[in-house]
Number of protein chains: 2
Amino acid sequence: MKMLKEKIQKEGIVLSDTVLKVDTFLNHQIDPQLMQEIGKEFAARFKDAGITKIVTIESSGIAPALMTGLILDVPVIFARKRKSLTLSDNLLTATVYSFTKQESNDISVSKDMLHEEDVVLLIDDFLANGQALKGLNDLVKQSGAQVAGAGIVIEKGFQTGGKEIRANGLRVESLAIVESLVNGGVVFAEES
Amino acid sequence: MKMLKEKIQKEGIVLSDTVLKVDTFLNHQIDPQLMQEIGKEFAARFKDAGITKIVTIESSGIAPALMTGLILDVPVIFARKRKSLTLSDNLLTATVYSFTKQESNDISVSKDMLHEEDVVLLIDDFLANGQALKGLNDLVKQSGAQVAGAGIVIEKGFQTGGKEIRANGLRVESLAIVESLVNGGVVFAEES
Ligand SMILES: Nc1nc2c(ncn2[C@@H]2O[C@H](COP(=O)(O)OP(=O)(O)O)[C@@H](OP(=O)(O)OP(=O)(O)O)[C@H]2O)c(=O)[nH]1
Ligand SMILES: Nc1nc2c(ncn2[C@@H]2O[C@H](COP(=O)(O)OP(=O)(O)O)[C@@H](OP(=O)(O)OP(=O)(O)O)[C@H]2O)c(=O)[nH]1
């Protein structure tokens, strides 16, 4: 997605060989127009998949998921990483391991929100080692719903998440695949 | 806002005299069409305020804030409650006390995102005791930016936050004001 890649090149900051900071338009400040274009792109790619719900994870997944849901006209559910005032029982839960923090945490969605007739599109901002996406996929499947695929804004192609998840048969559509962050520059994989 | 009040009456669950659950369209599952209407309403009320940025707080504030930002064509910043991979230094911080948890926590926004020439609209999903909104207001003012007002989706009029914040001179626009949750029913305050 050209507009996204241009934004990454213009405003992205390479923090290390493995971390790209995009806080000015995706992870802290959000560019609504860009999110709308991202939503249009995901919606176009999945328009024939019979999507009935979108599932994402708080917090950075919410904006791209919401715009996609607006165009596909389906509800958007965000999995929670912590209990909330109103989300405490009757839950679908999956465990997500963090390599950085070296700890596991649960993510949850209410059982009321997903049913076996649902066809779900997973959406998230980053795909790196894939633990969060695997957790969402697992959680949705516990409800009996079908996962049609995943929409990822930025995939780090040099990490193993994308490869492992596609090897398991999930369709993953990434709008930008970063092949390398070495030497302070962002190199994108060629569009296939 | 009629559409919102009808949705609350139809899908809201009164959990106690003081807590209203709206997880099917605002706090866990999100209704994108409703969020778009909420965005249009906030944008209409603040269209002449010279807004340059919207500031909200993760997670439930993001959806209404994003839709408002799309219509006003301004960036949307979400304050974080916890450190993230890319938000760790150069921060504006405010403390928010939780009566329920009886503990204080910090919320943060990067100093890079707010400047003294900014005119900010604060947005959040609920206004109850007002601690989160006061924190956001405090944090934005530390940057030198002006706070034009706050847009709240659901205000609990029987709690003190709204009254205190308006008494301090902040313009607060709430799309639904819940006057009472007693006896399991939702009673709205009259439209002024
Ligand atoms: N900016 C940026 N973020 C990255 C990058 N690689 C991974 N992330 C994000 O960092 C967070 C790291 O999650 P961890 O759970 O600690 O995962 P880990 O296994 O990679 O260590 C996740 O944020 P999250 O769950 O999405 O958090 P939130 O933003 O939704 O709060 C993930 O999306 C990167 O190169 N740049
Ligand atoms: N559904 C619902 N929520 C209420 C109600 N009253 C307050 N809240 C929300 O509950 C959370 C309670 O926050 P606390 O920080 O513990 O505040 P407290 O002083 O009211 O105890 C906040 O969620 P938050 O920070 O917005 O969390 P998040 O949803 O963004 O993750 C607030 O918006 C209510 O009647 N119904």
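Just so we're clear, the structure is a prediction, and the values are computed from it rather than from any experiment. So that the names make sense, note that chain A is the first sequence line, chain B the second, and so on, each numbered from 1. Values below: all heavy atoms of this structure, side chains included; hydrogens, waters and symmetry mates excluded.
Summarising the geometry of A:Arg80 relative to B:Asn27, their closest heavy-atom pair is NH2-O, 2.9 Å, with the distance given to 0.1 Å. A pairwise comparison of heavy atoms in B:Gln33 and A:Asp73 identifies NE2-OD1, 3.1 Å as the closest pair.
A heavy-atom distance below 4.5 Å is found between the side chains of B:Ile62 and A:Ile30. Side-chain atoms of A:Leu85 and B:Lys21, non-hydrogen and from C-beta on, never get closer than 4.5 Å to each other. Within the 4.5 Å cutoff, no side-chain heavy atoms of A:Arg82 are placed close to those of B:Lys81.
In the hydrophobic cluster analysis, where Ile, Leu, Val, Met, Phe, Trp and Tyr join through side-chain heavy atoms closer than 4.5 angstrom, A:Val147 is grouped together with A:Val172.
Looking at A:Asp23, the atoms closer than 4.5 Å to chain B (heavy atoms on both sides) sit in the backbone and in the side chain alike. For A:Ser98, no part lies near chain B; criterion is any non-hydrogen pair under 4.5 Å. If you measure heavy-atom distances from B:Ser84 to chain A, you find no contacts under 4.5 Å at all.
B:Gln29 pairs with exactly one of A:Val55, A:Val76, A:Ile77 by the side chain to side chain contact (heavy atoms under 4.5 Å, CB included) rule, that one being A:Ile77. Screening A:Leu70, A:Thr68, A:Leu72 for a side chain to side chain contact (heavy atoms under 4.5 Å, CB included) involving B:Pro32 leaves a single residue, A:Leu70.
Ranking B:Leu15, B:Asp112, B:Val109 against chain A, the residue ahead of the rest is B:Val109, based on heavy-atom pairs under 4.5 Å.
Remark: B:Glu103 CD is packed, more than 12 non-hydrogen atoms of other residues, nucleotides or ligands lying under 6.0 Å away.
Within the 3.5 Å criterion, the main-chain N or O of A:Phe78 finds a donor-acceptor partner in the side chain of B:His28.
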